[in-house]
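Throughout, numbering of the chain's residues begins at 1 and tracks the sequence. Counting convention: from 1, in listed order, for ligands and their atoms alike.
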Amino acid sequence: MKTRVFSGMQPSGNLHIGNYLGALKNWVRIQSDYECIFCIVDLHAITAYQNPAELRAKIEEIAALYLAAGIDPGECSIMVQSSVHAHAELAWMLTCVTPVGWLERMTQYKAKSAKLESVGDGILQYPVLMAADILLYQAGIVPVGEDQAQHLELTRDIAQRFNSLYGDTFVVPGTSLPAVGARVMGLDDPTQKMSKSATGANHAVALLDPPDRIRKTIMRATTDSNPAVDFETAGPGVLNLISIYQAFSGSADDEVKRHFTGMRYGDLKKQVAEMVISHVEPFQQRYRQIVSEPGYLAGVLREGAERVAPIADDTVRTVKQRMGLYT
Ligand code: TYM
């Protein structure tokens, strides 16, 4: 039997090249080697207020982007989290074995809550729901970007704690990070991770940005005071641009070093922009095709949910039995 893979993205903000290089590209690469479930995690998105009509549209946009990037619905299950009720159900059971201290230590929780006057409970519980997503399907591998690594460690801790309290129930999942592109930084500020929620006009390249917009954003990227690429002294902005190029092109470290050493920043940026556009343009064409087919997307999502729901129900039944709940 193939190992199961589970991963997901939040339908909030615009998917960007960080989401693609950190996660989606890896999903496409491994989809035929494993039994894959790729989820649109709408219950996670509502930990911050979402305009209902926009959220609904975003869910479909993300699903179409999965397909446009090359996820094959014949091979993988693509589904929306809230359409399989067991995610929320298991999350509660896991909440009851999770110490609050584990959640308060999460760096994303600390960063998010520091910016808020009133912190919603969902923001604290967020990684428990994420653990439920993964453990529900007994996933062995979770391909994500680096920013999710700590949440994955917590998932393992929760699984182990449950297993030791109630007997072996959950597979303890491993994390899979890409070798290059696991942490794409903001183009306007390369000390900050590229993020869907950041608002700066030149912060991110969204997967659906038109080529002209992509060129503009990359040409304005923050670099440093060197005139040309010197790997010994390059600042984070230059290294970020080079790693974006490398992640898209798939070239080896020494090839990239040879190619860019001594190149002036204007030329570096032009080459990075053209590399990004050459990958993103075909992808945008497929996206337009997918959304123009009436009923296609809804069918993919319905089928995905129908395929995975029995696995999820099975896990919940076992968990309820182990805990002595009424089944
Ligand atoms: P989300 O929606 O923030 O991001 C989706 C995926 O993109 C990766 N990513 C990045 N990779 C490289 N560079 C970046 N700048 C960058 N920004 C984001 C993320 O690591 C992620 O893989 N909590 C998750 C969603 C989730 C999930 C799950 C993931 C919910 N349940 C279960 C895996 C398994 C999140 O907010 O991802």
Side-chain angles (χ1 to χ4, degrees), residues 4-28 30 36-48 50 55 58-59 61-63 65-66 69 79-82 84 87-88 90-91 94 106-109 111-112 122-123 125-156 158-159 173-198 203-207 236 240 243-244 247-248 308 312:
R4 202 168 283 140
V5 162
F6 182 94
S7 200
M9 299 206 186
Q10 287 194 67
S12 53
N14 294 324
L15 282 204
H16 52 64
I17 56 172
N19 299 124
Y20 178 70
L21 297 175
L24 195 46
K25 184 167 182 275
N26 228 355
W27 301 359
V28 175
I30 64 174
C36 295
I37 303 171
F38 297 122
C39 188
I40 295 109
V41 293
D42 55 348
L43 294 172
H44 279 101
I46 57 166
T47 54
Q50 305 290 335
L55 176 61
K58 233 351 150 196
I59 291 169
E61 182 185 301
I62 307 288
L65 280 168
Y66 285 2
M79 42 83 61
V80 181
Q81 189 183 30
S82 66
V84 176
H87 287 253
L90 182 62
L94 298 181
M106 293 295 106
T107 51
Q108 282 203 0
Y109 168 73
K112 275 189 198 162
I123 294 188
Q125 297 299 324
Y126 182 107
V128 183
L129 178 59
M130 181 163 162
D133 297 341
I134 297 162
L135 302 181
L136 199 50
Y137 300 105
Q138 309 288 3
I141 301 172
V142 184
V144 285
E146 198 184 272
D147 64 331
Q148 297 302 319
Q150 194 189 33
H151 289 156
L152 262 292
E153 272 168 42
L154 181 83
T155 300
R156 286 191 281 277
I158 294 175
T175 308
S176 163
L177 299 179
V180 187
R183 190 176 182 81
V184 176
M185 307 308 282
L187 294 168
D188 55 348
D189 178 1
T191 65
Q192 300 297 317
K193 168 192 88 164
M194 187 177 283
S195 143
K196 283 194 232 110
S197 54
H203 172 75
V205 170
L207 294 177
N240 188 40
S243 80
I244 290 171
F248 273 107
V308 303

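Note: F6 and H87 have tilted aromatic rings, judged against thresholds of 30 and 60 degrees for the angle between ring planes.
A donor-acceptor pair is defined here as one N or O able to donate and one able to accept, closer than 3.5 Å; such a pair exists between the side chain of Y66 and the backbone of C39. Remark: the backbone N or O of P143 is paired with a side-chain donor or acceptor of W27 at under 3.5 angstrom.
Of the protein's non-hydrogen atoms, G8 O, 3.6 Å is the one closest to atom 25 (C) of ligand 1. Protein heavy atom at the shortest distance from atom 7 (O) of ligand 1 is N19 ND2, 3.1 Å. Annotation: atom 3 (O) of ligand 1 to nearest protein heavy atom, K196 NZ, 3.7 Å. If you check which protein heavy atom lies closest to atom 13 (N) of ligand 1, you get V184 N, 2.8 Å. Here the protein heavy atom with the shortest distance to atom 28 (C) of ligand 1 is M130 CG, 3.5 Å. Nearest to atom 22 (O) of ligand 1 among the protein's heavy atoms is G145 N, 3.1 Å. Looking only at heavy atoms of the protein, atom 10 (C) of ligand 1 is closest to G18 O, 3.5 Å.
Y126 carries K112 over the face of its six-membered ring, with the cationic atom under 6.0 Å from the centre and within 45° of the normal.
Annotation: S7 places no N or O atom under 3.5 Å from an N or O atom of ligand 1; distance criterion only. Checking only distances, A23 never comes within under 3.5 Å of ligand 1, N or O to N or O.
If you look at R183 next to ligand 1, the close heavy atoms, those under 4.0 Å, all belong to the backbone. Residue contacts with ligand 1, taken as heavy atom pairs separated by less than 4.0 Å, do not involve H151 at all. Neither the backbone nor the side chain of L129 has any atom closer than 4.0 Å to an atom of ligand 1 (non-hydrogen atoms only). Only side-chain heavy atoms of V41 come within less than 4.0 Å of ligand 1; its backbone N, CA, C and O stay farther off. At a 4.0 Å heavy-atom cut-off, ligand 1 touches D133 through the side chain alone. The proximity of L21 to ligand 1, defined as any non-hydrogen pair under 4.0 Å, does not occur for either the backbone or the side chain.
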- Message: Using the rule given for side chain to side chain contact (heavy atoms under 4.5 Å, CB included), can you reason through N19 versus L24, listing the C-alpha separation, both sets of side-chain angles and the distance that settles it, and then say yes or no?
- Response: CA-CA 6 Å; N19 299 124; L24 195 46; 6.0 Å; no
- Could you walk me through whether I40 and M9 pass the side chain to side chain contact (heavy atoms under 4.5 Å, CB included) test, one step at a time? CA-CA 5 Å; I40 295 109; M9 299 206 186; over 6 Å; no
- Item | L152/I134 under side chain to side chain contact (heavy atoms under 4.5 Å, CB included): CA gap, chis, key distance, verdict | CA-CA 9 Å; L152 262 292; I134 297 162; 4.2 Å; yes
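By the 4.5 Å heavy-atom criterion applied to side chains, Q148 and L177 are not counted as neighbours. Taking the side chain as every heavy atom from C-beta outward, V184 and K193 never approach each other to under 4.5 Å. Using a 4.5 Å heavy-atom cutoff, the side chains of L207 and H16 are not in contact.
In this structure, D147 is part of the shell of residues with a heavy atom less than 4.0 angstrom from ligand 1. Not a single heavy atom of M185 sits less than 4.0 Å from an atom of ligand 1. For Q81, the closest heavy-atom approach to ligand 1 does not fall below 4.0 Å. Heavy atoms of G186 come nearer than 4.0 angstrom to ligand 1 in no pair at all.
In the model, S12 has no side-chain atom that pairs as donor or acceptor with a side-chain atom of Q50 under 3.5 Å. For Y109 and Q150, the side-chain atoms include no donor-acceptor pair closer than 3.5 Å. Side-chain atoms of S243 and R183 include no donor-acceptor pair closer than 3.5 Å.
Of the candidates H16, Q148, K193, the one placing a heavy atom closest to atom 37 (O) of ligand 1 is Q148. Counting only non-hydrogen atoms, the option in P178, A132, A182, A198 that gets closest to atom 12 (C) of ligand 1 is A182.
Near I134, the atoms of ligand 1 lying under 4.0 angstrom from a non-hydrogen atom of the residue are 32 (C), 34 (C). Near V142, meaning under 4.0 Å from any of its heavy atoms, are these atoms of ligand 1: 33 (C), 34 (C). Listed by atom number, the atoms of ligand 1 under 4.0 Å from M194 heavy atoms are 14 (C), 15 (N), 17 (N). Of all atoms in ligand 1, numbered sequentially from 1 with element shown, those under 4.0 Å from a heavy atom of Y126 are 23 (N), 24 (C), 35 (C), 36 (O). Close contacts between ligand 1 and G181 involve ligand atoms 12 (C) [criterion: under 4.0 Å to a heavy atom].
Note that the CG atom of L55 and the CD atom of E61 stand 11.5 Å from one another [nearest 0.5 Å].
With respect to T175, the side chain to side chain contact (heavy atoms under 4.5 Å, CB included) criterion is satisfied by exactly one of V144, V142, T155: V144.
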